[in-house]
Student: 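The structure's right below; bear with me while I get my questions together.
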Amino acid sequence: MTSNEARASDSGTLRIGILGTGSMAAALGGAWVRAGHQVLVGGRNLAAAATTAARIGAAGHGGFTEAAAYGEAVLMAVPADSAPALAQELAPALAGRTVLDCTVPMAPGPDGPRLTTGGGTDSVAARIAAAAPEAGVAKVFGICHESIWTLPRPVFEGAPLAVPFCAGTPSAAAFTEELITSMGCSPLPCGGLSRAPLLEAAAVLAIGVWWSGGEARHVLPSPALAPGAVDDEP
Ligand SMILES: NC(=O)c1ccc[n+]([C@@H]2O[C@H](COP(=O)([O-])OP(=O)(O)OC[C@H]3O[C@@H](n4cnc5c(N)ncnc54)[C@H](OP(=O)(O)O)[C@@H]3O)[C@@H](O)[C@H]2O)c1
């Protein structure tokens, strides 16, 4: 955590700025408004920002800099290949805040969608963290289709939706946990930003499964469902 990094609010009401005015901005922003948070939608097109803000009942709208300066947390809801440059441009305003990175670095490939990062230790989240070093960054909300966030209460097979995240600082992790819980979901900490490439790759894989007609949620049943199963790997 940097010295001036904002902490999660004690009041339960969080201030969130959104960079972007499209599907994810509206879906997640709407979920946060329903959860009682204050949201400001920011875009490069002010008319689009105003339309999205009005549609979800946000507290306001503005440009990217206003949205970055508004939030204790700031959602990056622009294309993955634009996100690091935008973070660099907004770095002074993002200092001390948590950047929630939901981007999926994906492009069409011969066998299905492919990662546009190098994979390994490279991720959009790490690039954002390098571009805005005074911000805390969390990779989160990129696994599910935007429609999931429009549900009043995302509960499936009797269990609240688990939301995996990787956070670069303790403050970003605490803020992300608080935000996910406030949405009626279950936070699933998955480590630091060094593991963000796994979340980005998981999103690309899941999208490829859906596009090929498969059902990603059928892919990972718990070993506990197989009687006698033993997993003795460390
Ligand atoms: N849609 C999903 O279900 C989903 C799920 C998980 C993750 N994601 C990720 O969430 C992010 C946003 O997706 P989305 O579906 O909300 O996209 P979208 O509906 O196309 O909205 C994209 C937003 O980014 C802005 N934008 C586009 N190019 C830009 C640039 N070069 N610089 C700054 N702003 C730019 C657009 O502004 P203009 O209107 O001015 O072009 C728009 O406000 C993406 O990284 C995507 O991978 C999406």
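Source: prediction; values computed, not measured. No hydrogens, no waters, no symmetry mates; every other heavy atom, side chains included, goes into these values. First listed ligand is number 1; within each ligand, the first listed atom is number 1.
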Student: In chain order, what residues pass the side chain to side chain donor-acceptor pair (under 3.5 Å) check against Asp122, with sequence neighbours excluded?
Tutor: Arg127
Student: Within the protein, flag every N or O under 3.5 Å from an N or O of ligand 1, and note the pair and distance.
Tutor:
unit_1, atom_1, unit_2, atom_2, d
ligand 1, 3 (O), Glu146, N, 2.8
ligand 1, 16 (O), Ser23, N, 3.1
ligand 1, 16 (O), Met24, N, 2.8
ligand 1, 19 (O), Ser23, N, 2.9
ligand 1, 19 (O), Ser23, OG, 3.4
ligand 1, 28 (N), Arg44, NH2, 3.3
ligand 1, 31 (N), Ser82, OG, 3.1
ligand 1, 40 (O), Arg44, NE, 2.9
ligand 1, 41 (O), Arg44, NH2, 2.9
ligand 1, 43 (O), Thr21, N, 2.8
ligand 1, 43 (O), Thr21, OG1, 2.8
ligand 1, 45 (O), Val78, O, 2.7
ligand 1, 47 (O), Val104, N, 3.1

Student: Kindly indicate whether the side chain of Leu100, heavy atoms from C-beta on, has any atom under 4.5 Å from the side chain of Val74.
Tutor: no
Student: Under 3.5 Å, is there a donor-acceptor pair between the Ser182 and His37 side chains?
Tutor: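 Looking only at side-chain atoms, His37 and Ser182 do form a donor-acceptor pair, the distance falling under 3.5 Å.
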Student: Any ring-ring contact (aromatic ring centres under 6.0 Å, His included) pairs touching residues 108-165, not counting sequence neighbours?
Tutor: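 Output for this query lists Trp32-Phe141, Phe141-Trp149.
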Student: In terms of hydrophobic clustering (I, L, V, M, F, W, Y; side-chain heavy atoms under 4.5 Å; direct or indirect links), are Leu199 and Met183 co-clustered?
Tutor: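 Different clusters.
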Student: Please set out all donor-acceptor pairs under 3.5 angstrom arising from side-chain atoms of residues 107-117, sequence neighbours excluded.
Tutor:
unit_1, atom_1, unit_2, atom_2, d
Thr116, OG1, Pro105, O, 3.4
Thr117, OG1, Gly119, N, 3.2

